[in-house]
A.B. asks: 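Sharing a structure here in structure tokens format.
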Amino acid sequence: MKTPRFPLPSGKAALVPSVLAADFTCLKSSLAPVKKLADWVQVDVMDGHFVPNISFGPGIVSSVAAASSLPVDAHLMVSEPGLFIDAFAAAGAGLITVHSEARLAGACLKKIKDLGLKAGLALRPGTPLKRVLPYLQNLDLILIMTVEPGFGGQAFMPEMLPKVKAARELINKSGRGIWLQADGGINAGTAEAAALYGADSLVIGSALFSAENPAAFLRGLRRRL
Ligand code: DX5
């Protein structure tokens, strides 16, 4: 199955369901109501070492890509992302994000680009923004974690908003089309705050999949942003 082209930043906020919060017994029906309203889907990959949780591997990327017909962003919360980039690329990820705190992050970003994919760099809440500077010219996405990575359903960390704002200023100054993604505790209220501070890609897990009507939730969010 051909991987759909990954969209470029357009000034409009991209809404990105995180399947970490979806019902794994029926991913296809979980994604059905939202796939026409979402811009792409995020698969949160956890290795039980970089974060104290284990989630899923490349197989879920293929399932999500097939179930949603949307581009898939693989957020690798793993200590050794270099071991897995080929597998996630082969599984159909259109964008792969590695953590700046992971081993050989720079070499991983280069490998992702060499494979013709979009490359993202993620920062834990405690990691300073300046960690992205050496890679800025090659990045397609900067992910600012607005919770400690590892679990969905956590509360948004408003103290990350100044970092979002500073990242927006950095991206604008670079003149490059780089997505600024906020991930963690995003709901209707915090989405508005994150967008106000400059995020243009919002990862939504629990707030979306626990909503009475996920499609209505996304439509409402689009109206607010
Ligand atoms: C944390 C995960 C979560 C997930 C979104 O490691 O990265 O942030 O994507 O989960 P919610 O929206 O439930 O916070």
Side-chain angles (χ1 to χ4, degrees), residues 13-24 27 30-31 33-34 37-57 60-61 63-64 68 70-79 81 84 88 93-102 105 120-127 141-161 163-164 167 179-195 199-215 217-218 220-222 224-225:
L15 302 183
V16 183
S18 156
V19 294
L20 187 69
D23 177 348
F24 296 168
L27 267 184
S30 295
L31 287 167
V34 298
L37 294 156
D39 294 278
W40 71 82
V41 183
Q42 184 174 93
V43 171
D44 283 302
V45 182
M46 302 176 187
D47 65 357
H49 182 260
F50 185 77
V51 291
N53 192 6
I54 294 179
S55 58
F56 17 63
I60 289 284
V61 168
S63 311
V64 165
S68 67
L70 285 172
V72 178
D73 131 18
H75 173 196
L76 304 187
M77 288 165 274
V78 303
S79 300
F84 307 103
F88 280 95
L95 183 147
I96 298 179
T97 294
V98 298
H99 266 263
S100 62
E101 308 89 357
L121 189 63
L123 303 175
R124 284 178 183 269
T127 302
L141 181 142
I142 295 173
L143 192 170
I144 304 287
M145 288 302 303
T146 47
V147 294
E148 277 305 328
F151 297 90
Q154 301 178 76
F156 181 84
M157 295 167 70
E159 62 272 35
M160 288 296 113
L161 287 171
K163 190 174 176 184
V164 172
W179 287 104
L180 178 51
Q181 190 171 70
D183 178 355
I186 299 289
N187 56 38
T190 58
E192 216 163 345
D200 61 354
S201 168
L202 300 164
V203 176
I204 317 158
S206 323
L208 174 64
F209 289 107
S210 64
E212 194 64 29
N213 180 333
F217 175 88
L218 283 187
L221 204 47
R222 278 224 187 280
R224 288 173 74 134
L225 294 177

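Remember, it's 1-based here, ligands and their atoms both numbered in the order they're listed.
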A.B. asks: Do ligand 1 and E148 have nitrogen or oxygen atoms that lie under 3.5 Å from each other?
C.D. replies: no
A.B. asks: Nearest protein heavy atom to atom 8 (O) of ligand 1, by residue and atom, and its distance?
C.D. replies: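 Checking every protein heavy atom, the shortest distance to atom 8 (O) of ligand 1 gives D183 OD1, 2.6 Å.
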A.B. asks: Quick check: does Q154 get an N/O under 3.5 Å from an N/O on ligand 1?
C.D. replies: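 No, there is no polar N/O contact under 3.5 Å.
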A.B. asks: Which atoms of ligand 1 have any heavy atom of M77 under 4.0 Å away?
C.D. replies: 6 (O), 7 (O)
A.B. asks: Identify, for atom 10 (O) of ligand 1, the protein heavy atom at the shortest distance, and state residue, atom and that distance.
C.D. replies: G152 CA, 3.7 Å
A.B. asks: When you measure from the side chain of N53 to the backbone of G150, do you find a donor-acceptor pair of N or O atoms at a distance under 3.5 Å?
C.D. replies: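 Pair found, side chain donor or acceptor close to backbone of G150.
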A.B. asks: For R222 and A13, indicate whether the former's side chain and the latter's backbone hold a donor-acceptor pair under 3.5 Å.
C.D. replies: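 Side chain of R222 to backbone of A13, a donor-acceptor pair under 3.5 Å: yes, one is there.
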A.B. asks: If you count the atoms of ligand 1 from 1 in the order shown, which ones are under 4.0 Å from a heavy atom of P149?
C.D. replies: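 Counting atoms of ligand 1 from 1, those under 4.0 Å from P149 are 6 (O).
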A.B. asks: What do you reckon, does G185 have a nitrogen or oxygen under 3.5 Å from a nitrogen or oxygen of ligand 1?
C.D. replies: yes
A.B. asks: Keeping the roles fixed (side chain from S201, backbone from L180), state whether a donor-acceptor pair exists under 3.5 Å.
C.D. replies: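 Not at all, since once roles are kept as given, no pair shorter than 3.5 Å links the two residues.
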A.B. asks: Show me which atoms of ligand 1 lie under 4.0 Å from any heavy atom of Q42.
C.D. replies: 9 (O)
A.B. asks: What class does the angle between the rings of H99 and H75 fall in, given that below 30° is parallel, 30 to 60° is tilted and above 60° is perpendicular?
C.D. replies: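 H99 vs H75 ring planes: parallel.
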A.B. asks: Test W40 against V203 for side chain to side chain contact (heavy atoms under 4.5 Å, CB included), laying out the working first.
C.D. replies: CA-CA 10 Å; W40 71 82; V203 176; over 6 Å; no
A.B. asks: Could you tell me if S18 and D44 have a donor-acceptor pair between their side chains, going purely by distance under 3.5 Å?
C.D. replies: yes
A.B. asks: Keeping the roles fixed (side chain from D39, backbone from V16), state whether a donor-acceptor pair exists under 3.5 Å.
C.D. replies: no
A.B. asks: Does the side chain of I54 reach to within under 4.5 Å of the side chain of D47, using non-hydrogen atoms?
C.D. replies: no
A.B. asks: So does T127 get a backbone contact from the side chain of K163, meaning a donor-acceptor N/O pair under 3.5 Å?
C.D. replies: yes
A.B. asks: Is the shortest distance from a heavy atom of G150 to ligand 1 less than 4.0 Å?
C.D. replies: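 Heavy atoms of G150 do come under 4.0 Å of ligand 1.
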A.B. asks: If only atom types and distance count, is the side chain of R224 paired as donor or acceptor with the main-chain N or O of A191 below 3.5 Å?
C.D. replies: no
A.B. asks: Only heavy atoms count here, so choose which of T97, V147, D44 is nearest to atom 4 (C) of ligand 1.
C.D. replies: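 The residue whose heavy atom sits nearest atom 4 (C) of ligand 1 is D44.
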A.B. asks: Within the 4.0 Å heavy-atom shell around G184, which atoms of ligand 1 are there?
C.D. replies: 8 (O), 14 (O)
A.B. asks: Geometry only, no angles: is M145 polar-contacting ligand 1 at N/O separations under 3.5 Å?
C.D. replies: no
A.B. asks: Suppose I only count heavy atoms of V203 and a 4.0 Å limit; which atoms of ligand 1 are within that range?
C.D. replies: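 Matching atoms, with element in brackets: 9 (O).
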A.B. asks: Judged by atom type as modelled, is there a donor-acceptor pair below 3.5 Å linking the side chain of S68 to the main-chain atoms of L31?
C.D. replies: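 No; zero donor-acceptor contacts below 3.5 Å.
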A.B. asks: Looking only at heavy atoms, is any part of S206 under 4.0 Å from ligand 1, and if so is it the side chain, the backbone, or both, or is it neither?
C.D. replies: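 The answer is both, backbone and side chain.
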A.B. asks: Using distance alone, decide if ligand 1 has a nitrogen or oxygen within less than 3.5 Å of any nitrogen or oxygen in G205.
C.D. replies: yes
A.B. asks: Which of the numbered atoms in ligand 1 are below 4.0 angstrom from a heavy atom of G153?
C.D. replies: 11 (P), 13 (O), 14 (O)
A.B. asks: Relative to the heavy atoms of M46, which atoms of ligand 1 are at a distance of less than 4.0 Å?
C.D. replies: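 Within the 4.0 Å cut-off of M46, ligand 1 contributes 6 (O).
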